[in-house]
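Each ligand, and each atom within it, is numbered from 1 in the order the structure gives. Fair warning: this is a prediction, and the values are worked out from it, not measured in the lab.
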Amino acid sequence: MNNNWTKQAFAKIAADYTRSADTHLISFSLNAYPNIDFYFKDESTHPTGSLKHRLARSLFLYALSNGWINESTPIIESSSGSTAVSEAYFAKLLGLPFIAVMAKTTAKEKIKQIEFYGGKCHLVENTTQIYAESERLADELGGHYMDQFTYAERATDWRGNNNIAESIYTQMANEPNPIPKWIVMSPGTGGTSATIGRYVRYQGVDTQLLVVDPDNSVFYDFYKNGDNTLTNQTGSRIEGIGRPRVEPSFIPGVIDDMLKVPDGQSIAAMQWLSSLLGRKVGPSTGTNLVGMLHLANQMQEAGESGSIVSLICDSGERYLNTYYDLNWQQAHIPIDSEYQKWLCSLV
Ligand SMILES: *Cc1c(COP(=O)(O)O)cnc(C)c1O
């Protein structure tokens with residue numbers, strides 16, 4: 001049974017949703033691929049700046065439905081930053097304390113945004129420590145550990161309910177090739193890939209799902225050899241995607257193919273796309289673009305035409321001091337200049 005606070009919490013989230021608009025689907029074309037239409041669903045325009053706005057809403061609704069949180073429950077989350085920003089927003093909406101457990105390398109802009117929404121940041125040395133530290137904190141404070149890496153795939157309604165997949169197909173309706181040949185996504189929790197892949201099967205549409213994995217992530221090797229005990233000590237350098245362990249929300253069975261994308265290509269693609277679109281995109285969007293162009297080549301060689309859809313996961317404004325700073329770039333992720341040259345030849 002719902003108590004009064006829980007009823008009001010659902011009502012507040014519903015009202016917030018009603019006040020929000022759907023995100024845009026942006027199209028672009030390239031001279032090098034005259035028969036292929038490219039689309040990006042721009043998830044940077046959510047109130048909290050990334051696709052994690054959807055996930056945070058779903059996780060709160062799931063936790064409320066399960067009776068896991070009440071009017072005084074502190075909310076704890078392990079995050080690479082974007083999820084914590086969005087959860088801090090919803091925690092504030094419901095008047096709940098929020099603590100994000102993150103690696104100390106997390107972008108300063110994200111930390112500022114979490115604090116802007118009244119959240120606290122608990123920084124640890126290394127990404128691999130965030131899970132255990134979140135459990136420990138939740139125990140100590142009598143709080144609820146949201147655990148996006150476990151619950152992302154099941155908190156989202158994969159059949160429809162205007163999830164990201166349904167929204168893409170609705171927005172594609174009047175395009176020359178309304179059913180995408182491919183959708184491309186980079187995994188953090190794996191939740192978005194799971195939602196898209198399940199929706200595609202359930203609806204019976206002829207779309208394939210390519211998942212693109214950055215350096216220092218275990219998802220690609222797990223997909224190829226099935227070993228779910230794989231770990232990586234370095235940690236991904238592309239914020240938001242790539243994980244040091246096989247996350248429970250990563251569902252390999254819904255994926256048609258995977259591609260390993262070198263970080264130097266992701267950053268080259270991020271910069272190139274930003275000048276093409278006239279607005280800065282985040283690094284994981286660069287990774288997505290590398291996957292799209294890989295498919296465009298394949299389709300062109302096979303004489304195929306059609307559309308390829310992916311996501312702008314977040315905006316580049318969050319990364320002006322890191323990925324967009326040339327000194328930082330040279331020190332951390334040198335750009336692949338051959339790839340950059342090749343990109344410039346496509347326009
Ligand atoms: C979380 C995230 C992703 C990946 O989305 P998942 O649904 O968690 O797999 C990609 N890019 C950014 C910036 C993210 O924050």
Would the number of heavy atoms belonging to other residues, nucleotides or ligands and lying under 6.0 Å from NZ of Lys181 be above 12?
yes
Asp227 atom CG, over 12 foreign heavy atoms within 6.0 Å:
yes
Which atoms of ligand 1 are found less than 4.0 Å from any heavy atom of [X]?
| X | value |
| --- | --- |
| Ser82 | 15 (O) |
| Cys313 | 10 (C), 11 (N), 12 (C), 13 (C) |
| Thr189 | 6 (P), 7 (O), 8 (O), 9 (O) |
| Asp314 | 13 (C) |
| Pro187 | 9 (O) |

For [atom], find the nearest protein heavy atom and state the residue, atom name and distance (0.1 Å precision).
| atom | value |
| --- | --- |
| atom 10 (C) of ligand 1 | Ile241 CG2, 3.2 Å |
| atom 5 (O) of ligand 1 | Met185 CE, 3.4 Å |
| atom 15 (O) of ligand 1 | Lys52 NZ, 2.7 Å |

[X] to ligand 1: N or O pair under 3.5 Å?
| X | result |
| --- | --- |
| Ser50 | no |
| Leu51 | no |
| Ser284 | yes |

Arg136 and Asp139 ion-paired at < 4.0 Å:
no
Using 4.0 Å as the upper bound for N to carboxylate O, is an ion pair formed by Glu338 and Lys341?
yes
Do any heavy atoms of Ser193 fall under 4.0 Å from ligand 1?
no
Looking at every non-hydrogen atom in both residues, tell me the closest pair between Tyr324 and Val281 and how far apart they are.
OH-O, 2.6 Å
Partner set under salt bridge (Lys or Arg N to Asp or Glu O under 4.0 Å) for Lys260, not counting sequence neighbours:
Asp213
Validation row, ring centre Phe28 to ring centre Phe40 under 6.0 Å
yes
Cation-pi check, Arg243 to Phe222: give yes when NZ or CZ is under 6.0 Å from the six-membered ring centre and within 45° of the ring axis, no otherwise.
no
